[in-house]
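A note on names: the letters A, B, ... follow the listed sequences, proteins ahead of strands, and every chain is numbered from 1.
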Amino acid sequence: MSTYRVITQTAELEALRSRLLAEPVLGVDTETTALDPYQGRIRLLQIATPEDIFVLDLFALGLQALDILRPVLEGEQPVKVLHNAKFDAKMLRHHAGIELGRVFDTMLASQLVAAGDMTKRHGLADVAQRYLRERVEKAPQLSDWSGELSRGQLEYAARDVAILLPLRQALIQQLKELGLIRAAKLEFECVLPTAAMELAGMPFDVERWRALVEAWEQRRAHLEEALQSELAPVATQMDLFGRAEIAINLNSPHQVLTGLRRLGLTVEGTSELDLLPYRDHPVVRLLLEYRSVQKLLSTFGRGFLEHRHPVTGRLHGDFHQIGTPTGRYSCSDPNIQQVPNLPEIRACFRAPAGRRLIVADYSQIELRILAEFSQDPKMLEAFLNGLDLHRMTASWMFKVPPEAVTKEQRAIAKTINFGLMYGMGAASLAARIAEVRERTDISLAEAEALIASYFEIYRRVGEWLRAAGDTAVSVRHSRSQSGRLWRFQFDPSDREQVAAIQRLGKNFPIQGTGADILKRAMRLVYDALRPYKAQIVNSIHDEIVVEVAEDHAPEVAELVRERMIAAGREFIKTVPIEVEVVISEAWTK
DNA sequence: CAGAGTAGCCAC
DNA sequence: AAACGTGGCTACTCTG
């Protein structure tokens, strides 16, 4: 390793700035006293050039010293190479108001190169080993960075940042070979918006939430009592009066299944679908409601309270930028992408006084992508004329005028429109339509006939889907519009596996392009918000939530809409993109 | 006793 | 018989 220089004197920084500004590429890393930017401080900022390593001790220098390096860190040049840049971006933004510009993230690059293989790990040590055959020690990362630093710690900090430059070279090679340069640019430009969104967090009305939780707890107690008395006759043991001594654990699918069978219900499992035939049975009704209340209480009720940030009082999800092979974000701790869409729950996500939430979501983005890819004349016609696609589909399928389409017909058309994008077959379509029709059964033949009439109307959609599925199987990969890649490993002699790959081949380009568009929108919206006291606070696959000062809400809402549409147009040329925007005090549409 | 696997269910 | 895509979370249950 080249030698490193520890910098503790502000006087050294002016010369360093000129030196660094002349470099095309820098490795950048930080060491912090905690992982949470609101609770930890930045101790070290390490910067690597191909020749030298600089370790800045920010406890000695003070945070304001970073102002001197602001042009280096914020500018388009040099390129900053980081591993998991989101982390450092949050720290630098929160503590020094610095917005990292022009990032190359070796973790995201490695995830793109993995091309959908979610078993691969992407820690710095894993990636260095995989692409450079070098061992990197990560143990000191978790050491105490707040006191006197040992030589070992400083050497670790220096080694960590130095490896980023050769790592970038190796990864650029891979990205080029796999045609992933455009996808990488998209991801890198999304890092700062993602970091800012996490820092901002979702506003959360904890008092309103507590009131909800109490109501749920009462309801659950009531349901539990009712269920136990219904199940008493079949409970494991009885007391002298024939009452259940050992109650059934209502949270145990196995025990519940046993209980239901003893009551005479012939069921495979206890899922909602399994219980559909018995939906009017009193025990089943109680059980399903118990489950839904229990889910609300366990996952959300207590979970959100535990995750409420001690400093901000808000919910800061951990967004995994490439959390899925399709390029969608995933989110955890808590997952604020899966908040139940119930008015009383969404009402707890409420902008602070004087502020508003802008909820902007793409209208039917995936179906528009399908129309674009397939260039199906009928589907294009519906979108180009701004018509209700599901209604038009029903009108064409059932050969009735659009205004005569019944609710049920529209619901069936909607089910097919969405289902076919997932590669759904006749059997599951029949099951879904049975749900739509509220227990009126539908035969396999009937479902097949519906699919046939659908593809008679949307012939090109059918052709595109078939080709997408077949191509995925023959070339063993699939791409989104940005070039994002998913490589498929499967046994071609296994019909089930082949069918699964065909479904992925149909779905991935659509879902993946949806993710491309949203990520582009994250960047464009983030840039547009700069002049305002506004911030992105959540992002859910086809939706962006922005918090803004009340006075600027209408203006910013229009800006958000424009930027989201502009993002869509970069990928979708012939189909119009529509974005629905609502300004509200809470997260409601 | 920690980790893995499973069922069930929340989002898009 | 099932075969509808992508995730995360909780609780139960089994395993070593």
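Rounded to whole Å, atom P of C:dG5 lies 12 Å from atom CZ of A:Phe488. Across the protein-nucleic acid pair, A:Leu296 atom CG and C:dA11 atom P stand 13 Å apart, rounded to whole Å. In this structure, CG of A:Asp516 is placed 17 Å from P of C:dT6, rounded to the nearest angstrom. Separating the CZ atom of A:Phe490 from the C1' atom of C:dA3 is a distance of 16 Å, rounded to the nearest angstrom. In this structure, the CE atom of A:Met424 is 15 Å from the C1' atom of C:dA2, given to the nearest Å. Computed from coordinates, the A:Leu342 CG to B:dA11 C1' distance equals 12 Å when rounded to whole Å. Across the protein-nucleic acid pair, A:Met118 atom CE and C:dG8 atom P stand 7 Å apart, rounded to whole Å. Whole-Å rounding puts the A:Leu315 CG to C:dC9 C1' distance at 15 Å.
As judged by a 4.0 angstrom heavy-atom cut-off over every strand, A:Leu504 is placed among residues touching the sugar-phosphate backbone only. Heavy atoms of A:Arg302 sit under 4.0 angstrom from primed sugar atoms or phosphate atoms, though from no base atom. When heavy atoms are screened at a 4.0 angstrom cut-off, A:Arg328 is found touching base atoms of the nucleic acid. Across all strands, A:Gln337 comes closer than 4.0 Å only to sugar-phosphate atoms, never to a base (heavy-atom distances). Residue contacts shown for A:Glu543 are absent, as no nucleic acid heavy atom lies under 4.0 Å away.
Between A:Trp587 and A:Glu543, the closest heavy-atom pair is NE1-OE2, 2.8 Å.
For the pair A:Arg220 and A:Tyr290, the cation-pi criterion (under 6.0 Å, within 45° of the ring axis) is not fulfilled.
Each of C:dG5, C:dT10, C:dA3 was ranked by its minimum atom distance to the side chain of A:Ser298; first place goes to C:dT10. Listed candidates were B:dC12, B:dG8, C:dT6. Nearest to the side chain of A:Thr270 is B:dG8. With C:dG8, C:dC12, C:dT6 as the choices, the nucleotide that has an atom nearest any side-chain atom of A:Ser252 turns out to be C:dC12. The side chain of A:Arg346 sits closest to B:dC12 out of C:dA3, B:dC12, C:dG7. Comparing atom distances between the A:Glu272 side chain and each of B:dC10, C:dC9, C:dA3 picks out B:dC10 as nearest. For A:Ser271, whose side chain is taken as the heavy atoms from C-beta onward, the closest listed nucleotide among C:dG7, C:dC12, B:dG8 is B:dG8. Side-chain proximity of A:Thr324 to C:dC9, C:dG7, C:dA3: nearest is C:dG7.
Judged by distance alone, with hydrogens and angles left aside, A:Lys295 brings no side-chain donor or acceptor close enough to the base of B:dC10 to form a pair under 3.5 Å.
Taking side-chain N and O atoms only, A:Asn249 has no distance below 4.0 Å to OP1 or OP2 of C:dA11. For C:dT13, one of the phosphate oxygens OP1 or OP2 lies less than 4.0 angstrom from a side-chain nitrogen or oxygen of A:Gln255. Between A:Ser332 and C:dG7 there is no side-chain N or O to OP1 or OP2 distance below 4.0 Å. Using a 4.0 Å cut-off, some side-chain N or O of A:Arg291 falls inside it from OP1 or OP2 of B:dC9. Remark: A:Asn341 is in phosphate contact with B:dC12, judged by side-chain N or O atoms under 4.0 Å from OP1 or OP2.
Across the interface with DNA chain C, nearest-nucleotide mapping of A:Asn507 and A:Gln294 shows A:Asn507 to be the residue nearer the 5′ end.
No donor-acceptor contact under 3.5 angstrom links the side chains of A:Asn335 and A:Ser332, judged on distance only. In the model, A:Thr393 has a side-chain atom that pairs as donor or acceptor with a side-chain atom of A:Tyr458 under 3.5 Å.
The number of heavy-atom neighbours closer than 6.0 Å to CD of A:Gln218, taken from other residues, nucleotides and ligands shown, is 12 or below.
For the P atoms, the distance from C:dA1 to B:dC9 is 24 Å, rounded to whole Å.
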For the pair A:His390 and A:Phe418, evaluate ring-ring contact (aromatic ring centres under 6.0 Å, His included) and give the outcome as yes or no after the intermediate values.
-> CA-CA 10 Å; A:His390 302 314; A:Phe418 285 125; 5.4 Å; yes
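The aromatic ring centroids of A:His309 and A:Phe204 lie 6.0 Å or more from each other.
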